[in-house]
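Here is the structure we will look at.
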Amino acid sequence: MTEKKKKLVLVDGSSVAFRSFYGLMNLDSFRNKNGLHTNALFAFNNILERIFQTEEPTHMLVAFDSGKTTFRNELYGNYKGGRDSMPSEMAEQWPYFSVLVRAFGGKTYELVNYEADDIIGTFSRLADQAGYDVVIISGDKDMTQLVTDNIRVDITVKGVSELKSYTPETIREEYGLEPLQIIDMKGLMGDPSDNYPGVTKVGEKTALKLLAEYGSIENLYGHVEEMKKSKLKENLINDKDNAFLSKTLATIDLDSPVTLSLDDLAVEGKNIDQLVEFYREMDFNGFLSKLGVESEDRSESFEEIHFETLTEIKPEHFSDRMSLYVEMLEDNYHEGTIIALSWGADGQIYTASLETVLASAAFKKWAEDEAMEKVVYDGKRTTVMLHYVGIELRGVIFDILLASYILNTKDNSKDLAEVAQEYGYNDVSYDETVYGKGAKQAVPEDAVLHDHLARKAKAIRSLYAQLNTELADNVQKDLYYDIELPLSFVLARMEIKGIKVDPERLLKMKEEFAGRLIEIEKSVYAEAGEEFNINSPKQLGVILFEKMGYPVIKKTKTGYSTAVDVLEKLQAQAPIVEHILNYRQLAKLQSTYVEGLLKYIRPETGKIHTRYLQTLTQTGRLSSVDPNLQNIPIRMEEGRKIRQAFVPQKEGWKIFASDYSQIELRVLAHISGDEHLREAFIEGQDIHTSTAMRVFGVDKPEDVTSNLRRQAKAVNFGVVYGISDYGLSQNLNITRRAAQEFIDKYFDKYPGVKRFMEDIVKEAKENGYVETLFHRRRYLPDIDNRNFNLRSFAERTAINSPIQGTAADIIKVAMVQMEKALEEKGLQANMLLQVHDELIFECPAEEIPILAKLVPEVMEHAVALSVPMKVDSNYGDSWYEAK
DNA sequence: GAGATCACG
DNA sequence: ACGTACGTGATCTCT
């Protein structure tokens, strides 16, 4: 047996610790019982776990910077000068990083006068020479200078959740440089974060260009006089000293006087006792459970809970304002099975099996009694689950999950324990701990199960007052009580009602598509000269760009892009592309819509019951799953025919649909107050034509060509998305410069919109969040991030969220009112679907004239804006015909 | 489980 | 200089 090759993992402890800290900036939610912040330790633990799992190192070292000054300060006094001191939230965690590493069985090391980089550089060289495989993990790209055939460098991206690997090949690909030339690049660029200058006005692009030509700083300066006169040449000459100094500073010392040998770095294996102790100290209960010690230890640390598991339920087991929890492991409550239930109030908690509950009249009576108020966790889910066992839940006055989502859209876990912990309540286990996950998921013995459910019932009841107060503090009680909570029950009824889908229609399409797919496949193979999997972008890329030699237009992380916009650019020169596009379109329809939907038709009723996720999106929109009925094709006629399968539930009934016209732009007109945008809506103009006239200086609407209108439409969309020149240029296939001109023109003509955009970003910076008209919040922690990408994204989000979110608020109000109106008028019509700005109903044919008046009436006046709302309606024998 | 692609607003 | 349009979900391939 050959010995396994030795593998050394070197972690840049200081840099990864900081990345952990800033990557998981949710400071408030990561504190242990003593108030110590633990966010960075939590993230650091994750990365250590991943290292041991994926790399399986035989040797390992985590290096830390030591002290304030190093030999580099002797070369350059200002080295790393001007840095803010470590935030106190980080400083208090600092001593624990090495404790954690040692518990994992790894070594830590620091060396006076040297940085972590130098320790790592030195050991990587030693290990490379000794024939080890070496992996370096850091948040600092400078490390890539250490890459060799045996040394790989992984740099953290997105906090620490992702790593990007650098090998000699990837460095050549990305920079066109050999690893050692990274030092020259840094020399020319300098490093603002380490506070040393390079050559004035030289950034990455220029540095790469220079190195492509001259190879190194030394050679560059050997030939600098031969360069033709330019600002660049001047700067290079002036800053020569800087360039050489900063190259020296950027060079990692491969020969630092380390006092350990490679053998000292051998991995010792996890010290479970130390890990358990550490996790307990930090309150990392999730990690404890992964060690398999959680359940006993954790429940020991729990307060004892008093509850009764009933085998016979009587009226005295109920009182007003109790919590209610119904347990089911499946996500999809339309087809899952209830395991058991729990309910109660202070000092009076009960649990019972489903069988026991169904055998008693008392439970049903209490559950259905509107006057008996209940607090729940996920009211919609609870309502639907109980409906399927013949109980119509009423009297729900508070939903913890829904409230938590309103308070912070990020706090929306389906596991009650996670949300509870967010609010400082820890006396309840995670579902994963109790039930396990994946293939190992199972219901535990009754004692454990009922204890878990009793704790949930207690948690729900305890959290109610706290969340209610926070809603009041945030001025969100109206949003919660008048919109979201009533809506959850409207949605429950829509889901339960379901929509009828004609399987015959879909089966016909399936057959037709199958035949055509085979034909198209043949054409593709004929053009390509071989058979391959057209569904594989990887294989398709090889055929298109290697075998057939078409020009590469765009690349993805993993290879060639074969997305539509790329293929369309090839269409003129590549006959195969037409077939591929046809294939893609049909394959999508076939797998996602024809076959996909058929799977969801319930044979007993012929209906599909989607689930709306009310606590998922960051803007307040709904989403739809299992199946998604909010993305049924409409843009292409071929796909639109799918809608022919969506029909009314009864003979002689019709499908009726109403949609808001331009709701987001109307919302923008309202909240920005821009007079020109408002005027266009008040006067009932076509908004894109009106924008075209103003932006392109056209006097009469009839002179706006379809092309101008199309461009204006793209600009309008761009505005709603938080416009950027690049985004618009991509969308319109024009130059960035032209796009920027459009944008400038637009802002010139719609100054109110411009002001809104500036103000809302300012507001986000001041408050840390933005709001809709109804005070729905979205927190934007990245709004001040030093990373340009993250910050820009947060800024665009600050612009878009109040617009998209207010539109979502409006249709939600309309839905609540709509259901009430249908009820009051005693109509048979059912509201079935919501697709962001439209509502779809079914009704007897004779009710069509009533709906045609009632629905737009309700939708248009659900909310009064400073511009009118407009709603268009249609109806027919299927969803397809309601267009 | 992630990435690419494509369906919708 | 940076590298992008905003919000979603399902399916397929591939590691």
Side-chain angles (χ1 to χ4, degrees), chain A residues 54 161-162 189 192 201-208 409 438 533-541 554-567 580-581 584-585 587-593 595-597 599-600 610-613 616-636 638-640 642-643 659-660 662-664 714-715 717-732 736 739 743 778 786-805 807-808 811 833-838:
Chain A
T54 59
S161 60
E162 245 178 68
M189 290 165 58
K201 291 277 178 195
V202 172
E204 189 174 303
K205 287 241 165 102
T206 317
L208 288 177
T409 50
N533 188 341
I534 311 174
N535 280 322
S536 162
K538 194 176 162 196
Q539 294 181 35
L540 179 60
K554 200 166 69 176
K555 293 196 108 190
T556 66
K557 270 188 247 183
T558 49
Y560 314 107
S561 170
T562 65
V564 240
D565 56 322
V566 170
L567 295 186
I580 293 167
L581 289 172
R584 282 250 178 96
Q585 202 191 37
K588 176 89 179 182
L589 290 177
Q590 183 77 313
S591 67
T592 305
Y593 296 104
E595 293 169 349
L597 287 174
K599 279 190 281 211
Y600 283 99
T610 185
R611 284 185 302 131
Y612 289 103
L613 304 186
L616 181 134
T617 71
Q618 296 306 301
T619 54
R621 275 190 178 181
L622 302 176
S623 87
S624 158
V625 293
D626 299 335
N628 182 356
L629 294 185
Q630 291 182 318
N631 71 346
I632 304 301
I634 189 165
R635 292 172 193 170
M636 307 298 277
E638 187 98 79
R640 190 175 197 154
I642 298 283
R643 295 178 175 228
D659 67 289
Y660 283 109
Q662 305 297 351
I663 187 168
E664 292 192 344
V715 173
F717 268 99
V719 167
V720 169
Y721 293 156
I723 202 156
S724 76
D725 55 357
Y726 186 86
L728 184 63
S729 74
Q730 287 295 297
N731 193 289
L732 283 177
R736 231 170 124 148
I743 294 168
R778 178 168 188 180
R786 288 199 302 280
N787 178 321
F788 176 88
N789 281 328
L790 294 178
R791 187 176 63 251
S792 304
F793 183 50
E795 287 169 1
R796 292 196 296 273
T797 310
I799 294 165
N800 175 261
S801 289
I803 302 173
Q804 192 183 114
I811 194 166
L833 302 175
Q834 187 251 42
V835 191
H836 310 306
D837 65 354
E838 70 178 314

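The figures that follow rest on heavy atoms only: side chains count, while hydrogens, waters and symmetry mates do not. Proteins come first, then strands; the chains are lettered A, B, ... in the order of their sequence lines, and each starts at number 1.
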Distance check: side-chain N/O of [X] vs OP1/OP2 of [N], anything under 4.0 Å?
{"X": "A:Gln539", "N": "C:dC14", "value": "yes"}
{"X": "A:Ser561", "N": "B:dA4", "value": "no"}
{"X": "A:Thr562", "N": "B:dT5", "value": "yes"}
{"X": "A:Ser536", "N": "C:dC14", "value": "yes"}
{"X": "A:Arg621", "N": "C:dT8", "value": "no"}
{"X": "A:Thr556", "N": "B:dA4", "value": "yes"}
{"X": "A:Asn533", "N": "C:dT13", "value": "yes"}
{"X": "A:Ser792", "N": "C:dG3", "value": "no"}
{"X": "A:Ser623", "N": "C:dG9", "value": "yes"}

Interatomic distance, [X] [atom1] vs [N] [atom2] [rounded to whole Å]:
{"X": "A:Phe793", "N": "C:dT4", "atom1": "CZ", "atom2": "P", "answer": "12 Å"}
{"X": "A:Leu589", "N": "C:dC12", "atom1": "CG", "atom2": "P", "answer": "13 Å"}
{"X": "A:Gln590", "N": "C:dT11", "atom1": "CD", "atom2": "P", "answer": "13 Å"}
{"X": "A:Leu540", "N": "C:dT11", "atom1": "CG", "atom2": "P", "answer": "21 Å"}
{"X": "A:Lys555", "N": "B:dG3", "atom1": "NZ", "atom2": "C1'", "answer": "16 Å"}
{"X": "A:Gln834", "N": "C:dG7", "atom1": "CD", "atom2": "C1'", "answer": "13 Å"}
{"X": "A:Asp565", "N": "C:dA5", "atom1": "CG", "atom2": "P", "answer": "11 Å"}
{"X": "A:Glu595", "N": "C:dT11", "atom1": "CD", "atom2": "P", "answer": "10 Å"}

Indicate, yes or no, whether a donor-acceptor pair under 3.5 Å links the base of [N] to the side chain of [X].
{"X": "A:Arg584", "N": "B:dT5", "result": "no"}
{"X": "A:Lys538", "N": "C:dC14", "result": "no"}
{"X": "A:Arg635", "N": "B:dG9", "result": "yes"}

Could you check which of [options] has an atom nearest any side-chain atom of [X]?
{"X": "A:Gln804", "options": "B:dG9, C:dA5, C:dG3", "result": "B:dG9"}
{"X": "A:Lys599", "options": "B:dG9, C:dT11, B:dG3", "result": "C:dT11"}
{"X": "A:Lys588", "options": "C:dC2, C:dT8, C:dA10", "result": "C:dA10"}
{"X": "A:Asn535", "options": "C:dT13, B:dG9, C:dT4", "result": "C:dT13"}
{"X": "A:Thr592", "options": "C:dG3, B:dA7, C:dT11", "result": "C:dT11"}
{"X": "A:Tyr593", "options": "C:dA5, C:dG9, B:dA7", "result": "B:dA7"}
{"X": "A:Val835", "options": "B:dG9, B:dT5, C:dT4", "result": "B:dG9"}

Distance between [atom1] atoms of [N] and [M] (Å, rounded):
{"N": "C:dC2", "M": "B:dT5", "atom1": "P", "answer": "24 Å"}
{"N": "C:dT4", "M": "B:dG3", "atom1": "P", "answer": "14 Å"}
{"N": "B:dA4", "M": "C:dA5", "atom1": "P", "answer": "13 Å"}

A:Lys555 side chain reached by A:Tyr560 side chain, heavy atoms, under 4.5 Å: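 Yes, their side chains come closer than 4.5 Å.
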A:Leu613 vs A:Leu622, side-chain contact (heavy atoms from CB on, under 4.5 Å): CA-CA, chis, key distance, verdict: CA-CA 6 Å; A:Leu613 304 186; A:Leu622 302 176; over 6 Å; no
Separation between [atom1] of [X] and [atom2] of [Y], rounded to the nearest 0.5 Å:
{"X": "A:Tyr593", "Y": "A:Ile632", "atom1": "OH", "atom2": "CD1", "result": "6.0 Å"}
{"X": "A:Tyr721", "Y": "A:Gln804", "atom1": "OH", "atom2": "CD", "result": "8.0 Å"}
{"X": "A:Arg584", "Y": "A:Asn535", "atom1": "CZ", "atom2": "CG", "result": "8.0 Å"}
{"X": "A:Ser801", "Y": "A:Arg796", "atom1": "OG", "atom2": "CZ", "result": "12.0 Å"}
{"X": "A:Met189", "Y": "A:Leu208", "atom1": "CE", "atom2": "CG", "result": "8.0 Å"}
{"X": "A:Leu728", "Y": "A:Ile723", "atom1": "CG", "atom2": "CD1", "result": "5.0 Å"}

Can you work out whether A:Tyr726 or A:Arg778 has the more 5'-proximal nearest nucleotide on DNA chain C?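 With A:Tyr726 and A:Arg778 compared, the 5'-side residue is A:Tyr726.
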Residue mapping more 5' on DNA chain C - nearest nucleotide basis, A:Pro627 or A:Leu728: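 The answer here is A:Leu728.
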What contact category does [X] fall into here, base, sugar-phosphate, or nothing, at under 4.0 angstrom with non-hydrogen atoms?
{"X": "A:Ile799", "result": "nothing"}
{"X": "A:Asn628", "result": "sugar-phosphate"}
{"X": "A:Glu664", "result": "nothing"}
{"X": "A:Gly718", "result": "base"}
{"X": "A:Ser624", "result": "sugar-phosphate"}
{"X": "A:Leu622", "result": "nothing"}
{"X": "A:Ala739", "result": "nothing"}

Strand partner of C:dA1, provided both Watson-Crick or wobble distances fall under 3.5 Å: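 Pair assignment: C:dA1 / none.
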